[in-house]
Amino acid sequence: MCKNCKGKPYYISTAIAYTSRKPHIGNSYEIVLTDAIARYKRMLGYDVFFQTGTDEHGQKIEMYAQSEGCTPKEYVDRIAAEIRSICDVLNTSYDYFIRTTDEPHEKIIQKIFKKLYEQDDIYKGSYEGLYCTPCESFWTESQLVDGKCPDCGREVKMTKEEAYFLRLSKYQKQLEEYIDSHPDFIYPESRKKEMLNNFIKPGLQDLCVSRTSFKWGVPVDFDPDHVVYVWIDALSNYITSLGYNPDGSGENYKKYWPADVHIIGKDIVRFHTIYWPIMLMALGEPLPKQVYGHPWLLFGEDKMSKSRGNVIYADDLVKLFGVDAVRYYLLSEMPFANDGSITYETLIERFNSDLANTLGNLVNRTIAMNNKYFVGVVQEPTAKDALDDELTQFCYDTVKKVDDCINSFHMSDAVEAVMNLAKRCNKYIDETTPWTLAKNEEDKARLGTVLYNLLEAIRFIAILIEPFMPDTHKAILEQMNCDISDYDSLTSFGAVKAGTQLGTATPLFVRIDPKKFYEELEAMQKESAKDEKSIEEVEEAEEKVEQIVIDDFAKVDIRVGKVLACENVKRSKKLLKFNIADGKGERTIVSGIAQFYKPEELVGKKVLFVSNLKPVKLCGVESCGMILSAVDGDKLQVVTIDGVAEGSKIS
């Protein structure tokens, strides 16, 4: 039990989600993990500040928005709403949801950048190196894997531009000393060794912290050709949300900073344990107490990806299994340091075995037996036995086990400990055989004691399970008609009040029939299937330029078409809708060129278009083809042709 935590500030955060696309269940694991820790700390009495949010700037966002024919702000508004909705669907109890497009955040980012520049921790130079657009990262030749980005495996481009740099090298020794003197700063140990041996000790290179090749970012107010690059912008969210200000910070910052722990994915440990600490050192601010880099949740043995067709979304799973079952699976299936796995088969198996059989059946039959043998009235535990002491001790041991596991981020072990208590209760039922005791009047006192002990043990389970399954926690206590649910009550066994009238025994989890489940899943997938081009397809089309052979080119059917009509697409500032005569009839093509042409300028022109492109929907309009254009820097010109009949094929 925590004796000195009442009212003590506790700040916990997730990494902020990048607004490139709707998060899949692998992304959602982090918010559920962090929520479980936050809920547990609140149970102990801490004054918890739990933050999550969205990272919304960068070249990739600009590219995605252009592909959809909308502004970057319109694009991130939509994706940020989806991300927040997923957090809410999963019943997470965040206290603050920050967006890096929030005006207060952007203003403080400008101040941070200027402060670091004025004290010469940021300097102006130029960068020439290998750049990965999806990861927004620069790499050296030696860091590439098979000539590609070591993080995402995509192609990199040689890029050169003027930029500002953060002097990482200046703080390398100070960072090494800090990590050595704070052994739990990077957790688990394997992540710390990776950072020290692979990145810090070989020597830190100064970090590019501004860009000029795109505009969707926080402007550098004293050099408007530059926007602040992702690291300073995104990482600073952990303090801007608290009211940090280089000119004088607010009370929340003084109260909650330094953070107790940043919960992040293992793929971004480098940014949070090298870039972020050095930024704070340069600002003269304390470092977070701990950074925990959790493993990934894989689909089977593969990382989730739209291109692989193995993406599962949290809201879809909640519809199929219920929110607490999804939370339970995420927390119980993810090991401490190794990657976890999710498949529909294992979801169904764990649902039926753990939730329906072990936990649900325990609660249901305990309450049902009390209703049957004692008309639902809780009896005094007057006929005790040595078996009761074993069950009581198991309850106390479980409380300690859960506390130890959560404090060391062994969340799956914590969940398992609670489920083991439920299994011990089921064993206790087999040992005491209440149905046999009910046959003899002289055993009624013992029967009442057995059922009391089960109800009290179930109360322990209900309280301990609250951080993982908050709705189930409430449902159990409601069926028991029990209002003693504070964590401190777990210091003694026997809080259930004799004479309490229990509620109706209602199944917490109904077993899933696999055959019916897959029928429902198939129907859901058909209902939600759309012909819209995925973000990943757009990304790959934009970034991958590969050599092809003549057979590949022959697959592209380029035709001549005449523009019969052209108009702006509603709800979009960039899209034009064309009616094209293609030699056989008419077709509609949508093109993102509204910033270069007025609709009437192209009417009557003969243009080239790809006629066999798979139809896609853009802002609700189906586009059957792609008009060819030539791009020269910031200029774009539609390719036109004269003296050729509509429908003629280009070869």
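In this chain, numbering begins with 1 at the start of the sequence shown. All values reported here derive from a predicted model rather than from experimental measurement.
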Original post:
What heavy-atom pair brings V415 and S332 nearest, and what distance separates the two atoms?
Top reply: CG1-CB, 3.9 Å

**OP:** Look at E431 together with R424 and state whether they make a salt bridge at an N to O cut-off of under 4.0 Å.
**Re:** yes

Original post:
How many angstroms lie between OH in Y238 and CE in M279, if you round to the nearest 0.5 Å?
Top reply: 11.0 Å

Original post:
Do I98 and I16 come close enough that some side-chain heavy atom pair is under 4.5 Å?
Top reply: yes

Original post:
side-chain contact (heavy atoms from CB on, under 4.5 Å) between I200 and Q172: does it pass, once the steps are laid out?
Top reply: CA-CA 7 Å; I200 299 174; Q172 176 172 334; 4.1 Å; yes

Original post:
Do N198 and R270 have a side chain donor and acceptor closer than 3.5 Å?
Top reply: no

Subject >> Y187 side chain near S408 side chain, heavy-atom distance below 4.5 Å >> reply: yes

Subject >> Nearest non-hydrogen partners of C87 and T92, listed with the distance >> reply: O-OG1, 2.7 Å

Subject >> Separation between CG of L44 and CG of N407, rounded to the nearest 0.5 Å >> reply: 7.5 Å

Original post:
Should D397 and K401 count as an ion pair when the cut-off is N to O under 4.0 Å?
Top reply: no

**OP:** Test M480 against V363 for side-chain contact (heavy atoms from CB on, under 4.5 Å), laying out the working first.
**Re:** CA-CA 9 Å; M480 291 177 58; V363 175; 5.9 Å; no

**OP:** Would you mind telling me which of K255, K6, K41 makes a salt bridge (Lys or Arg N to Asp or Glu O under 4.0 Å) with D47?
**Re:** K255

Original post:
For the residue pair Y487 and Y40, is the inter-centroid distance of their aromatic rings smaller than 6.0 Å?
Top reply: yes

**OP:** Working to the nearest 0.5 Å, report the span between CD1 of I348 and CD1 of I512.
**Re:** 6.0 Å

Original post:
Between I264, L33, I12, I186, which is the residue that forms a side-chain contact (heavy atoms from CB on, under 4.5 Å) with Y292?
Top reply: L33

**OP:** Indicate yes or no: does E519 engage K516 in a salt bridge with an N to O separation below 4.0 Å.
**Re:** no

Original post:
E56 and T54: side-chain donor and acceptor closer than 3.5 Å?
Top reply: yes

Original post:
Which heavy-atom pair separates V450 from P434 by the least distance, and what is that distance?
Top reply: CG1-CG, 4.1 Å

Original post:
Is a salt bridge present between K22 and D315, judged by a nitrogen-to-oxygen distance below 4.0 Å?
Top reply: yes

**OP:** Taking the side chain as every heavy atom from C-beta outward, state whether V318 and L90 have any pair of such atoms under 4.5 Å apart.
**Re:** yes

**OP:** Could you check D471 against R327 for salt bridge (charged side-chain N to carboxylate O under 4.0 Å, His left out), going step by step and ending with a plain yes or no?
**Re:** CA-CA 11 Å; D471 289 344; R327 288 174 61 101; over 6 Å; no

Original post:
At what distance, to the nearest 0.5 angstrom, does OG1 of T500 lie from CG of N370?
Top reply: 10.0 Å

Original post:
Do you know the tightest heavy-atom contact between A314 and S28?
Top reply: CB-OG, 3.9 Å

Subject >> Side-chain heavy-atom pair L204, I278 within 4.5 angstrom cut-off >> reply: yes

Subject >> Side chain to side chain, F409 and I37, heavy atoms closer than 4.5 Å >> reply: yes

Original post:
Do the ring centers of F321 and Y344 come within less than 6.0 Å of each other?
Top reply: no

Subject >> Result of checking Y94, Y253, W257, Y11 against F49 for ring pair (Phe, Tyr, Trp, His ring centres under 6.0 Å) >> reply: Y11

Original post:
For the residue pair S241 and Y96, what are the closest heavy atoms and their distance?
Top reply: CB-CE2, 3.6 Å

Original post:
Aromatic rings F271 and Y275: how do their planes relate, parallel, tilted or perpendicular, breaks at 30° and 60°?
Top reply: tilted

Subject >> Validation row: D413, E416 side chains within 4.5 angstrom (heavy atoms) >> reply: yes

Original post:
Is the closest side-chain heavy-atom distance between L391 and E456 below 4.5 Å?
Top reply: no

Original post:
Between T273 and R191, do the side chains contain an N or O donor and an N or O acceptor separated by less than 3.5 Å?
Top reply: no

Subject >> Which atom of I367 lies closest to which atom of T504, heavy atoms considered >> reply: CG2-C, 4.4 Å

Original post:
For residues D388 and Y428, is any side-chain donor paired with an opposing acceptor at under 3.5 Å?
Top reply: yes

